[in-house]
Amino acid sequence: MTQRRFAAILLAPAFLLVAFTTVYPMVTSLWTSLHVLNLAKSVQLGAFVGLENYQEAFVHDLEFWGVMRVTAVFVVLDVSLTILCALGIAMLLLRAGFGKSIVRTLIILPFAMSPALIGISWRFMLNPDYGAFARTIAAIFPAMRNVDYLASPTLSMMALVSADVWHWAPYFAFMLMGGLAAIPPETQEAARIDGASNWRVFRDVTLPQLAPVLIVAIILKSVFALKVFDSIVTMTAGGPGHSTTTLGFFAYHIGFRNYDFGYAAAVAYILTGILFLLSLSYMRFAFRK
Amino acid sequence: MTVIAHQASVAAAAAIRRRTSRQRKRAFLRVAEQLVLVLLAVIILFPIVWMVMTAFKSPRDVYVYTMWFQPTLENFSEVFNPRWRIREKIINSIVISVTTVIIAMPIAVFAAYAFSRLAFPMKRAMFQWILLTQFIPAVTIVLPFYVMFRQLGLLDTYAALIIVDLAIVLPYAIWTIKGFIDAIPLETEEAAIVDGAGRFRVLWDIVVPMARPGILTAAIFCFIITWNEFLFGYLLSRQNVVPLSVGIVGFVLERGPVWELIAATGIIITIPMFFFAMMIQRHFTKGMNLGAVR
Amino acid sequence: MAGVQFKRVSKRWGDFVGVRDLDLIVEDKEFLVLLGPSGCGKTTTMRMVAGLEEPSGGEIWIGEDMVNDMTPRERDVAMVFQNYGLYPHMSVRDNIGYPLKIRGLSKAEIIRMVDAAAAKVELGPYLDRKPGQLSGGQRQRVALARSLVRTPRVFLMDEPLSNLDAKLRVVMRAELKHLHHELQITTIYVTHDQMEAMTLATRIAVMNHGVIQQLAAPEVIYNDPANLFVAGFIGSPSMNLMSGKLADGTFHAAGLTVSGIGGGTRDNVVLGVRPEDVTVTATGSGLFDAPVYAFELTGESVLVTVTVAGKQIAARADRHFRCQIGDNVGVRFDAARTYLFDATTDERIRL
């Protein structure tokens, strides 16, 4: 049996499955987005409307651009906070010392908790009367007493971001730890001997060498941020209003609340397009070897 | 002479002052580090600990912000009250996750072996493409599948959820197992070939046993992913196959969400996951360093 | 038991030619060593016999069969790998028995044959251990036992001793020689170590750049090298090689003249002479005098290196001889013990 034939046999099941669950929906979604499909009326595809659904999004729907803005804000906040925290945690945990090993074992826990569960937990703990977060913050900042976090657009956003950072920072801390550990210590020691202060060593020697891993981490986290869904459903339901509705949630809302599957498919495809661009840059940076 | 001695003692005193100030700075930093570590531990543990505490609080204590309470197990017994149908949901989750893992592992091992050892056209492109599927947003996938499953009458069935879960899980499994197979020396396989083993025999007798830690790691990780999966479970199930991860949202009465029951269920859901995550933590770090896409 | 024949066998990867038009007959029961530096094509050649590489051209015959299209299993060969290729998750017994298990032999048969093979390499007490619990030498013997257990037609060995320490290597060389004598199975052995080649081979095929430079018995390779490469590769320390020209049978190079070589008049030649044929004498009594550049005591002899016109010439002297770096000594060698090579073709000029 030739290698090719053997490879074909081995790959066939995986290939078929992945193709079915990705190529098929991608093509179907695109096709659907060019039609009218309202599930409240019929399961069959409606009239062909070309790019009308997309026009609806970009031109007519007032909410669409609001959603885009919310998405952008969320992604920027989420990614920057996660990566900064991850970097801090990574540097902290890389030094040997008492307590580091305990924290190192514990740190995986937030990642093992499902985002949906985290969403519910946060909602519980943000209740102004009995929520642990709300009461703790109120104890430190009396001005925050009786604030209904999930009723305020800004605070809801921050709550959502904090939940995602809590969930993902450990994963990225591990990634950055790997990157930091790969930097030859001689480069940092040489800089120290040359007279550089800790901050300068970090800025001029460590950071540039960490850059490749950092870039991959940022791109990856951006992808994950754009895919956030579960915690929105369980924590804020996209609200108050649409202030925490990201693009993905928006598509879900249009499809499963308004039953306008055609428009939903278009919005979903716009999101897919953005992710596709990100994936290209990820491929470029991650597979550079 | 005394001038020299004087200068020397001045220099020595300055050095001692510098040394102690440096020592003090170092001690201060060390304390600061410990404080930050403790703060980090608190931040990590606080939500978890609070949820655990809430699960053991009676309903009265839940709606009061307090650290001190009378622990009770009544929430756990209430959770299993038939009106919530928790037992069903637990079984659903187990069926879906276990079936997904059982189907995914052989498929992934085959594919991983092909990518690791065999040469064939467009190999690199195919591998990258398999990883790239992780970049497709779930909502783009769920819309057409919802329509298709509804047309086929497969909505609210195990098959539907298992199929989409397999899609989520397969790329990661292939990626992890491939890494482990890469580490097996080629010579060992060649020895088996010269000994007379056919291609499938080599895979079964030699490669699979040697890659067992990797296969186990991938299996556990896939189990965790499917166990916690929410979106597809939420949208593709109605009442028959609702998994636990979705069921947890259903504890609602007129007065609002029943937090203590949610917390209790949360513990039931998450404790096994914590346990598994600790088990594969070592391999976790190896995988993460290469930027695995979830 | 069978001979192996290569008919115009070649192996190419893109533009790179690993093995070039190889014609070689390995006689039945012979111990043929493929000797050469890394990258010369020796391992590739052997792997083509095993069926682990496909020839780009030509035919390979084992006994009466043309095996190009046969799987390794059908070829009935056994191979000992450089890193042994043992199955780490199986016991020694299962490792050795694996080729038998695949072929469906009965459990009783397998036990009998495994015990016999293990006895031959003295592994009896270790049969129930796993490879990870054995020393390097023991693992090598497991690999050997696994190849012996089913008396194949051809033995293939890919630098099997290179991972052993020096002492163990010497011991195993003798073991291999004994086994070959006992089993009389055709063996193709790959190595870059000329000592192994010299001691083990019935014939040596010296290879370089995918081509056989010389195929002959060890004494012939040593005493009658066919070209510059073989002359320089075999022998430790290597043969002294001096470029110069031949005028009427007398060799002229900068700083030295050797008469009585023969071969007429040629412009570009290389004269070779082995260090053990070069003697150190008192100044003035040899072919020429030269200052000592290095002096090495190897235990059984002494190596003296002198410089002549910028080149170095090594001589082997009696182990009690002493001198200092910088001393002037006389150097002498017999014209009859020299080798003449054409500098442009690298071929040996036989006189």
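The figures here come from the full heavy-atom set of this structure, side chains too, leaving out hydrogens, waters and symmetry mates. Just so it is clear, the structure is predicted and the values come from calculations on it, not from any experiment. So you know, we letter chains A, B, ... as the sequences are listed, proteins then strands, and number each from 1.
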Contacts of B:Arg117 that satisfy salt bridge (charged side-chain N to carboxylate O under 4.0 Å, His left out) - sequence neighbours left out:
B:Glu189
If you tally heavy-atom pairs under 4.5 Å between each of A:Leu275, A:Val18, A:Leu109 and chain B, the highest tally belongs to A:Leu109
Structural part of A:Tyr24 lying under 4.5 Å from a heavy atom of chain B
side chain
ring-ring contact (aromatic ring centres under 6.0 Å, His included) evaluation trace for B:Tyr146 with B:Phe232:
CA-CA 9 Å; B:Tyr146 181 82; B:Phe232 290 116; over 10 Å; no
Interface moiety of A:Val233 toward chain B, non-hydrogen atoms closer than 4.5 Å
side chain
With heavy-atom distances below 4.5 Å as the criterion, would you say the side chains of B:Val109 and B:Val208 are in contact?
yes
Would you mind reporting whether B:Val169 and B:Phe221 have side-chain heavy atoms less than 4.5 Å apart?
no
Could you look at A:Met113 and say if it's the side chain, the backbone, both or neither that has a heavy atom under 4.5 Å from chain B?
both
Taken in chain and number order and not counting sequence neighbours, the residues that satisfy salt bridge (charged side-chain N to carboxylate O under 4.0 Å, His left out) with B:Lys178 are B:Asp182
Are the side chains of B:Val258 and B:Glu260 in touch, meaning some heavy atoms are under 4.5 Å apart?
yes
Heavy-atom closest pair, residues A:Leu92 and B:Glu33:
CD1-CG, 3.6 Å
Of the backbone (N, CA, C, O) and the side chain (C-beta and beyond), which part of A:Trp122 lies under 4.5 Å from a heavy atom of chain B, both, or neither?
side chain
Does the side chain of B:Thr140 come under 3.5 Å of the side chain of A:Thr272 through a donor N or O and an acceptor N or O?
yes
Between chain B and each of A:Ala14, A:Ala132, A:Ser121, count heavy-atom pairs under 4.5 Å; write down the option with the most.
A:Ala132
Pick whichever of A:Thr22, A:Asp230, A:Ile118, A:Thr28 has the most heavy-atom pairs under 4.5 Å with chain B.
A:Asp230
Of the listed residues (A:Leu117, A:Ile89, A:Val27), which shares the most heavy-atom pairs with chain B below a 4.5 Å separation?
A:Leu117
Which region of A:Thr136, side chain (C-beta onward) or backbone (N, CA, C, O), has a non-hydrogen atom less than 4.5 Å from a non-hydrogen atom of chain B, or is it both or neither?
both
Relative to chain B, which segment of A:Leu37 carries a heavy atom at a distance below 4.5 Å: side chain, backbone, both, or neither?
side chain
Side chain, backbone, both or neither: which part of A:Leu17 has a non-hydrogen atom closer than 4.5 Å to chain B?
side chain
